[in-house]
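Chain A is the first sequence line, chain B the second, and so forth, proteins listed ahead of strands; every chain is numbered from 1.
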There are 2 protein chains.
Amino acid sequence: MAKIKESSTNSINRKFLTDCNLTYAVQLMGGRWKLLILMQLNTERQRYGELKKKIANITERMLTLQLRELEADGLIARRVYAQVPPRVEYTLTDIGREIVPICDALHAWGTRHRSQVAGEVSTLSHESF
Amino acid sequence: MAKIKESSTNSINRKFLTDCNLTYAVQLMGGRWKLLILMQLNTERQRYGELKKKIANITERMLTLQLRELEADGLIARRVYAQVPPRVEYTLTDIGREIVPICDALHAWGTRHRSQVAGEVSTLSHESF
DNA sequence: GCCATTACTTACATTTTTGTATGTATCATA
DNA sequence: TATGATACATACAAAAATGTAAGTAATGGC
């Protein structure tokens with residue numbers, strides 16, 4: 001997300017993991033705010049300021065960085081209107097839209113996982129009395 | 001993966017993102033080597049040393065850390081045999097096994113994404129002559 | 001001329017993740 | 001008594017991700 005030292009083992013391992021299409025895919029969507037951005041854009045195309053409002057807690061710097069990466073990776077498209085003040089709209093690309101169902105599956109899995117953990121916790125607290 | 005400063009904005013945002021079941025799910029599988037470990041265990045249960053051999057480039061420290069987290073999150077199970085030298089086997093849990101099809105979908109998406117990018121590149125290099 | 005609006009950029013600090021190197025416990029066997 | 005095998009643990013260092021604070025450009029309206 002900033003400068004990267006290409007000679008480091010860390011960076012070498014990142015490249016190594018890019019060979020596998022699975023870990024490659026995770027690298028593309030792995031930034032902290034990326035999936036939230038994609039989900040927002042799945043609903044409808046949105047302006048920078050709208051994304052900022054809808055994604056609570058994100059800073060302008062982070063929003064910009066993640067948008068830039070998503071754009072560079074071809075998951076979203078950026079459209080600038082020649083206006084002042086500026087108007088910039090972001091949309092999902094075709095390949096970007098194709099991860100939405102995967103996100104839905106992940107969401108469902110996360111929900112199951114969480115409820116299972118909650119179940120175990122309540123079981124434990126139940127047993128401890 | 002190490003000590004976490006609970007008061008930092010960074011940590012607060014992590015917790016905030018845990019509220020969404022999608023980003024929650026990504027947090028559980030997001031470590032650099034976690035999906036490779038899960039895929040290895042999907043094939044069959046394996047010992048620590050086997051995982052180390054099969055996952056090229058991973059260090060013992062990283063393997064241990066990621067295994068610990070996966071275990072703490074309930075995605076894998078750890079079984080210790082009372083032997084010397086020690087024998088420890090890892091297996092997927094039920095909920096851990098449930099992300100395998102999602103990984104397959106991600107893998108397929110990654111493959112499509114990569115071939116599309118490659119296609120664009122060759123198009124560009126073609127046009128530039 | 002001054003201000004408001006929008007979508008950023010930049011320099012810097014902090015936090016987190018990842019990697020390096022070395023050490024540990026156990027016990028059968030040589 | 002020393003050695004080898006296995007699955008780690010620990011202190012430390014480096015790199016990367018994330019966050020903070022402030023500034024920028026363009027232009028219409030006051």
Side-chain angles (χ1 to χ4, degrees), chain A residues 1-17 23 26-34 36-37 45-71 76 78-90, chain B residues 1-18 23 26-27 29-34 36-37 45-71 76 78-90:
Chain A
M1 213 83 75
K3 302 133 195 172
I4 286 173
K5 198 164 185 178
E6 307 231 339
S7 61
S8 68
T9 303
N10 195 322
S11 170
I12 289 168
N13 277 346
R14 188 215 312 283
K15 283 178 195 156
F16 163 73
L17 289 168
T23 41
V26 172
Q27 284 173 9
L28 297 184
M29 47 159 256
R32 174 168 278 186
W33 307 95
K34 282 185 184 175
L36 292 185
I37 292 172
R45 74 173 174 206
Q46 294 194 51
R47 298 179 63 175
Y48 180 87
E50 292 171 331
L51 288 170
K52 194 176 111 185
K53 273 175 211 149
K54 292 190 180 168
I55 302 176
N57 295 29
I58 198 172
T59 63
E60 295 194 343
R61 173 177 146 77
M62 273 304 120
L63 180 54
T64 302
L65 277 175
Q66 306 268 289
L67 286 170
R68 289 284 178 281
E69 287 190 16
L70 287 169
E71 190 196 0
I76 65 174
R78 179 172 180 267
R79 183 168 178 186
V80 185
Y81 294 82
Q83 300 177 2
V84 169
R87 172 187 194 84
V88 180
E89 282 183 355
Y90 293 92
Chain B
M1 216 82 74
K3 302 134 198 173
I4 287 174
K5 198 166 186 178
E6 308 232 336
S7 62
S8 68
T9 304
N10 197 324
S11 171
I12 289 168
N13 277 346
R14 188 214 314 283
K15 283 179 196 158
F16 163 74
L17 290 167
T18 300
T23 41
V26 172
Q27 284 173 10
M29 47 160 256
R32 173 168 280 188
W33 307 95
K34 282 185 183 175
L36 292 184
I37 292 172
R45 74 174 175 204
Q46 295 194 52
R47 298 179 62 175
Y48 180 88
E50 292 172 332
L51 288 170
K52 193 176 112 184
K53 271 174 214 152
K54 292 190 180 168
I55 302 177
N57 293 28
I58 197 169
T59 64
E60 296 194 345
R61 172 177 146 78
M62 273 302 120
L63 179 54
T64 302
L65 276 175
Q66 306 268 287
L67 286 171
R68 290 283 179 279
E69 286 190 15
L70 288 169
E71 190 195 0
I76 65 173
R78 178 172 181 265
R79 184 169 177 184
V80 185
Y81 294 82
Q83 301 178 3
V84 169
R87 173 187 193 85
V88 180
E89 283 182 356
Y90 293 91

Under the side-chain hydrogen bond (donor to acceptor under 3.5 Å, both in side chains) test, residues paired with K53(A) that sit two or more places apart: none
d(CG, N10(A); P, dA13(D)) in whole Å: 18 Å
Nucleotide N/O to protein N/O under 3.5 Å, stretch nucleotides 5-11 of chain D:
{"from": "dT6(D)", "atom 1": "O3'", "to": "R47(B)", "atom 2": "NH2", "distance (Å)": "3.1"}
{"from": "dT6(D)", "atom 1": "O3'", "to": "P86(B)", "atom 2": "O", "distance (Å)": "2.9"}
{"from": "dA7(D)", "atom 1": "OP1", "to": "R47(B)", "atom 2": "NE", "distance (Å)": "2.9"}
{"from": "dA7(D)", "atom 1": "OP1", "to": "R47(B)", "atom 2": "NH2", "distance (Å)": "3.0"}
{"from": "dA7(D)", "atom 1": "OP2", "to": "G49(B)", "atom 2": "N", "distance (Å)": "3.0"}
{"from": "dC8(D)", "atom 1": "OP1", "to": "R68(B)", "atom 2": "NH2", "distance (Å)": "3.2"}
{"from": "dC8(D)", "atom 1": "OP1", "to": "R78(B)", "atom 2": "NE", "distance (Å)": "3.3"}
{"from": "dC8(D)", "atom 1": "OP1", "to": "R78(B)", "atom 2": "NH2", "distance (Å)": "2.4"}
{"from": "dC8(D)", "atom 1": "OP2", "to": "Y90(B)", "atom 2": "OH", "distance (Å)": "2.6"}
{"from": "dC8(D)", "atom 1": "O3'", "to": "R68(B)", "atom 2": "NH2", "distance (Å)": "3.2"}
{"from": "dC8(D)", "atom 1": "N4", "to": "E60(B)", "atom 2": "OE1", "distance (Å)": "2.2"}

Rounded distance [0.5 Å steps], CD in E69(B) versus CD in Q27(B): 11.0 Å
Spacing between L65(A) atom CG and dA16(D) atom P, to the nearest angstrom: 15 Å
Atom CZ of R79(B): over 12 foreign heavy atoms under 6.0 Å: no
Phosphate contact (dT18(C) OP1 or OP2) by T9(A) side-chain N/O below 4.0 Å: no
Distance in angstrom units between Q27(B) CD and dA17(D) C1', rounded: 14 Å
Separation between CD1 of I76(B) and NZ of K34(B), rounded to the nearest 0.5 Å: 9.5 Å
Side chain to side chain contact (heavy atoms under 4.5 Å, CB included) partners of R87(A), counting only residues at least two apart: R47(A), Y81(A), Q83(A), E89(A)
Q46(A) CD - dA7(C) C1' separation (whole Å): 15 Å
OP1 or OP2 of dG19(D) under 4.0 Å from side-chain N/O of N13(B): yes
Which nucleotide in dG19(C), dT15(C), dG19(D) has an atom nearest any side-chain atom of S8(B): dT15(C)
Atom-pair distance (CG on L51(A); C1' on dT6(C)), nearest Å: 14 Å
Integer-rounded Å distance: dG19(D) P and N57(A) CG: 9 Å
Inter-residue atom distance L36(B).CG - L63(B).CG, 0.5 Å rounding: 11.0 Å
R32(A) vs dA16(D): side-chain N/O to OP1/OP2 distance below 4.0 Å: no
K15(B) NZ - dT18(D) P separation (whole Å): 17 Å
Trace of the side-chain contact (heavy atoms from CB on, under 4.5 Å) decision for F16(A) with T23(A): CA-CA 10 Å; F16(A) 163 73; T23(A) 41; over 6 Å; no
Whole-Å gap separating C1' (dT20(D)) and CG (L63(A)): 16 Å
